[in-house]
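First the proteins, then the strands, lettered A, B, ... as listed; each starts at 1. Keep in mind it's a predicted model, so treat the numbers as computed, not measured.
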Amino acid sequence: MKKKQSIKYLFALLPFLILVGLFEVLPVISIIVRSFMPQGGAIGVTLENYIRIFTTKLYQSAIWNSLFIAVCSSAIGLAVAFFGAKAAYEKGGTAKKIFMSILNMVSNFSGVPLAFAYIIMLGNTGVFTLIGQKLRIGFLAEFPLYSVVGLMITYIYFQIPLAALLLIPAFESIKKEWKDAVGLLGGSSRTFWFKVGLPVLMPSILGTFSTMFANAISAYATAYALVMNNLSILPIRISEQFVGDVVQNPQLGGALAVVLMLLMVLSILINEKILQGNRRKRHA
Amino acid sequence: MHKKKKGIGNGLVLWIIGIYLLFPLLLTFLYSLFTEWITILPEGFSLNGYAELFQDSYFWQSIGRSLLISIVPIVLCTVAVLLAMYVVVVYLPGLDKIMRTICTIPYAIQGVILPISVLGLYANAPEPFSNRVFMLVCTYCIVVLPYIYQGVRNNLNAVHAPRLLEAAQMLGAGKFYAFWKIILPNITSGIMVCGKLFPDRTDVSVLSHAPVGSACQRGYCGPVRRDAADFSGSFRTAER
Amino acid sequence: MSYIEFKNINKFYGENQVLKNISLNVEKGQFVTLLGPSGCGKSTLLRCLSGLEEISSGQIIMDGKDITDLEPRDRNIGMVFQHYSLFPNMTVEENIAFGLKMKKKSKQEIAKKVKEAMEMVELTGKEKEYPDNLSGGQQQRVALARSIVQEPKVLLLDEPLSAIDAKLRKSLQNSIKEVHKKLGLTSIFVTHDQDEAMVMSDTIHLFHEGKIEQSSDPITMYTSPVSKFAAAFIGNYNILTEQEFEKVTGRKIHSPEGIAIRPETLQISDGKTPEAEYVFEGVITDNTPKGNVLQYHVDVNGIPLKVDVVFRSKVLFENGNRIRISVADHNCIRL
């Protein structure tokens with residue numbers, strides 16, 4: 001029988017537990033609890049907030065817009081980033097280093113500054129808008145920046161560096177020997193990528209998509225700076241329940257936040273399901 | 001022949017993406033150098049915008065505040081995580097799974113959700129909780145938590161912390177000494193790098209925009225006027 | 001009274017019992033090897049002695065003292081690990097000096113002892129190097145020096161050569177034996193390599209599924225395995241069932257667990273009538289050169305046998321040749 005060890009070391013856990021308990025666990029629990037409470041602050045359990053969300057056009061469109069923008073910007077951003085990462089991996093050397101530096105630098109360029117940049121490019125008196133008007137290019141002249149499409153273009157911008165930075169390390173796992181083997185067996189570069197490269201990278205690609213989706217669907221600053229309250233997306237609808245000109249309704253805000261959280265968790269679960277399916281196929 | 005072709009193709013892709021990404025930045029910079037831009041080409045080159053900015057005390061205050069609010073949470077969070085990892089690695093390895101879950105949850109509450117929850121919970125609480133800067137710093141701690149945890153964990157794995165601990169114990173060191181004097185020095189360089197790498201994509205601006213009120217907002221985010229120079233300046237201060 | 005006594009050691013990992021009532025004695029100054037396949041419990045027992053693992057029940061006595069409840073650092077035991085576990089942020093010198101620093105020895109004493117230790121492991125000149133600039137073999141020498149410099153009562157070596165290239169292994173084996181001889185340290189060595197065990201040890205304890213299968217000196221372990229497992233693990237035995245033995249030799253003997261015959265004890269007769277108890281004929285099916293030994297694969301009435309001969313000049317028998325083999329009864333070990 002070993003003599004009882006002193007448990008003094010448990011005190012080292014305290015800072016972490018306090019920090020996480022007060023600012024992660026408690027807030028999340030409170031927002032979930034609040035979402036089931038009736039508007040006005042009375043104590044009780046009700047589903048009225050959720051019912052309201054799913055029956056009111058305003059909130060339905062918020063959910064739909066958020067999903068649409070998140071999925072599309074993630075998909076497009078991922079595609080662009082994939083080719084960028086692949087090019088960086090194949091080129092290697094200084095070019096890759098410079099590319100990664102650009103990615104790192106640009107990945108911080110989001111929110112208000114990004115919105116501003118796009119406004120001066122494609123806004124009502126933006127440079128490209130003016131060029132479009134001069135040269136009669138209808139698409140540029142009337143570019144709908146302050147809409148879902150405009151927001152999506154802006155989101156794609158900051159999704160690309162995020163995805164590329166996540167994908168470039170993934171390419172390191174592609175072994176040159178596999179390419180050689182495919183070549184020796186009579187396959188082309190396309191064959192390699194479709195039959196070997198992409199399947200091997202699939203977990204990283206899906207994981208990256210998941211991260212991008214979460215990033216896009218919860219982004220607030222860029223959207224607010226660009227369209228303020230005029231476009232219905234979840235983060236804006238959530239924050240206006242707590243601050244701003246609209247009547248405060250923290251309970252509804254809580255419910256909206258829970259919906260947003262569920263959407264993000266859902267994307268992770270779908271991700272996992274697809275990966276599991278792949279694994280099962282392999283071991284079948 | 002084949003290789004050269006590939007190199008050009010890849011180089012082209014990198015160029016295109018690189019330019020696409022850098023263009024808005026460069027344009028913003030150009031915008032800050034001219035006073036008028038209503039036709040295709042700008043007019044009136046002037047560095048006055050910057051001169052004004054650098055002389056504005058609010059600007060420097062907001063830079064200082066931003067730096068503070070960036071650095072303090074990173075330090076706090078790192079210390080908290082290191083202390084917790086000390087317990088997990090040396091005494092209770094079973095806790096690692098729980099820690100990993102706790103440090104992954106912030107991904108699901110990123111963006112608006114966390115600041116709004118914190119706000120809702122502590123806005124009417126006693127000091128210091130209702131202090132906006134306090135809330136901001138603590139929320140930011142949670143935002144960076146996954147990155148710091150990942151960084152510390154990766155470093156501990158790379159250095160094979162349990163093996164070093166065992167060797168140190170066999171040589172007469174206590175567990176405490178072994179962790180803080182042997183393992184920590186081997187991971188500090190890694191942590192430094194991690195601190196620079198994690199994306200600053202923190203929409204904690206919600207917290208600063210919303211509850212902080214206009215006075216503090218000016219202080220934190222810099223004068224948010226639709227003036228060319230001001231905007232270029234506030235690009236450095238917002239979102240940190 | 002032995003120097004180290006393990007008394008009825010049991011160890012559980014959850015439901016899994018890894019050590020089953022192990023009782024073992026080690027005499028002072030001996031070089032003892034714990035041998036066995038992966039997962040048999042040998043490393044676990046070593047780590048229990050070091051204090052890095054706790055035993056579920058039993059007692060460990062060292063030099064007359066019960067050390068069962070002592071912390072590793074209070075047991076005065078040195079340990080060398082499979083992956084060296086050198087401190088990457090310290091030079092070779094600092095690594096070796098670490099244990100002495102913990103004991104708060106004076107600077108001069110530390111310098112002197114470190115120099116001696118480095119000479120003993122033949123690493124002089126590498127004092128200021130960092131571990132990742134050294135080869136695997138050199139790193140392990142540093143680890144060895146680091147353990148012996150604190151003058152422990154016992155030295156534990158947990159598969160120290162498994163991560164090292166085959167060629168380098170030989171020289172390190174010699175270094176370890178040298179150190180053991182010079183310092184007279186009681187040493188316990190864990191390995192899964194039977195050749196290594198035989199080269200290095202005074203006594204070998206063969207582990208199988210948490211129990212000790214056999215404990216003896218290397219020669220006895222090699223020539224007289226007590227069970228099928230022991231015979232299969234040590235050396236290259238031909239293991240036959242009773243029926244197979246009858247098929248080969250034409251004679252019946254009683255040994256339900258089987259009969260083990262060493263390949264080198266099967267004599268290929270050169271024409272003269274052999275004087276062994278069992279004589280039979282077989283056909284050569286293949287041969288495998290193994291350096292200084294040539295192994296013939298022989299088919300005797302459908303039973304494959306391996307026959308080892310010292311490789312003097314050339315392969316004497318071709319595939320398809322019919323040969324006569326003899327073996328003495330005392331070389332047919334009943335298991």
Value rounded to 0.5 Å, distance of [atom1] in [X] from [atom2] in [Y]:
{"X": "A:Lys96", "Y": "B:Leu14", "atom1": "NZ", "atom2": "CG", "answer": "10.5 Å"}
{"X": "B:Met99", "Y": "A:Leu13", "atom1": "CE", "atom2": "CG", "answer": "8.0 Å"}
{"X": "B:Ser32", "Y": "A:Ile120", "atom1": "OG", "atom2": "CD1", "answer": "9.0 Å"}
{"X": "B:Ile17", "Y": "A:Leu103", "atom1": "CD1", "atom2": "CG", "answer": "8.0 Å"}
{"X": "B:Asn10", "Y": "A:Phe99", "atom1": "CG", "atom2": "CZ", "answer": "11.0 Å"}
{"X": "A:Glu24", "Y": "B:Cys138", "atom1": "CD", "atom2": "SG", "answer": "13.0 Å"}

Using heavy-atom distances under 4.5 Å, tell me whether [X] contacts chain A through its side chain, its backbone, both, or neither.
{"X": "B:Ile142", "answer": "side chain"}
{"X": "B:Tyr20", "answer": "both"}
{"X": "B:Leu12", "answer": "neither"}
{"X": "B:Tyr86", "answer": "side chain"}
{"X": "B:Leu95", "answer": "side chain"}
{"X": "B:Leu76", "answer": "neither"}

Residue among [options] with most heavy-atom pairs under 4.5 Å to chain B:
{"options": "A:Leu26, A:Leu114, A:Leu234, A:Leu263", "result": "A:Leu26"}
{"options": "A:Met105, A:Met264, A:Gln241", "result": "A:Met264"}
{"options": "A:Gly254, A:Ala95, A:Pro15, A:Gly126", "result": "A:Pro15"}
{"options": "A:Ala214, A:Pro250, A:Gly253", "result": "A:Ala214"}

Let's test your reading of the structure: which of [options] forms the most heavy-atom pairs below 4.5 Å with chain A?
{"options": "B:Leu22, B:Val88, B:Val79", "result": "B:Leu22"}
{"options": "B:Gly18, B:Gly120, B:Ala123", "result": "B:Gly120"}
{"options": "B:Ala80, B:Cys103, B:Cys77", "result": "B:Ala80"}

Between B:Tyr122 and A:Phe23, does the ring centre distance come in under 6.0 Å?
->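 When the ring centroids of B:Tyr122 and A:Phe23 are compared, they turn out to be within the sub-6.0 Å range.
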Would you indicate whether the side-chain heavy atoms of [Y] and [X] approach each other to under 4.5 Å?
{"X": "B:Ile105", "Y": "A:Val25", "result": "no"}
{"X": "B:Val13", "Y": "A:Lys86", "result": "no"}
{"X": "A:Met121", "Y": "B:Phe23", "result": "yes"}
{"X": "B:Ile116", "Y": "A:Ser239", "result": "yes"}
{"X": "B:Ile102", "Y": "A:Phe16", "result": "yes"}
{"X": "A:Pro161", "Y": "B:Leu21", "result": "yes"}
{"X": "B:Leu25", "Y": "A:Phe109", "result": "yes"}
{"X": "B:Ile109", "Y": "A:Ile31", "result": "no"}

Tell me, side chain or backbone of [X] under 4.5 Å from chain B's heavy atoms, or both, or neither?
{"X": "A:Ile160", "result": "side chain"}
{"X": "A:Ile98", "result": "neither"}
{"X": "A:Tyr89", "result": "neither"}
{"X": "A:Ile102", "result": "side chain"}
{"X": "A:Tyr118", "result": "side chain"}
{"X": "A:Tyr157", "result": "both"}

More than 12 heavy atoms from other groups under 6.0 Å of CZ on A:Phe83 | no
Counting only heavy atoms not in B:Trp15, do more than 12 fall under 6.0 Å of its CH2?
-> no
Kindly give the heavy-atom pair with the smallest separation between A:Met261 and B:Ala108, and that separation in Å.
->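 Taking every non-hydrogen atom into account, CG-O, 3.5 Å.
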Please step through side-chain contact (heavy atoms from CB on, under 4.5 Å) for the pair B:Tyr107 and A:Ile268, ending with a clear verdict.
-> CA-CA 10 Å; B:Tyr107 284 125; A:Ile268 297 176; 5.8 Å; no
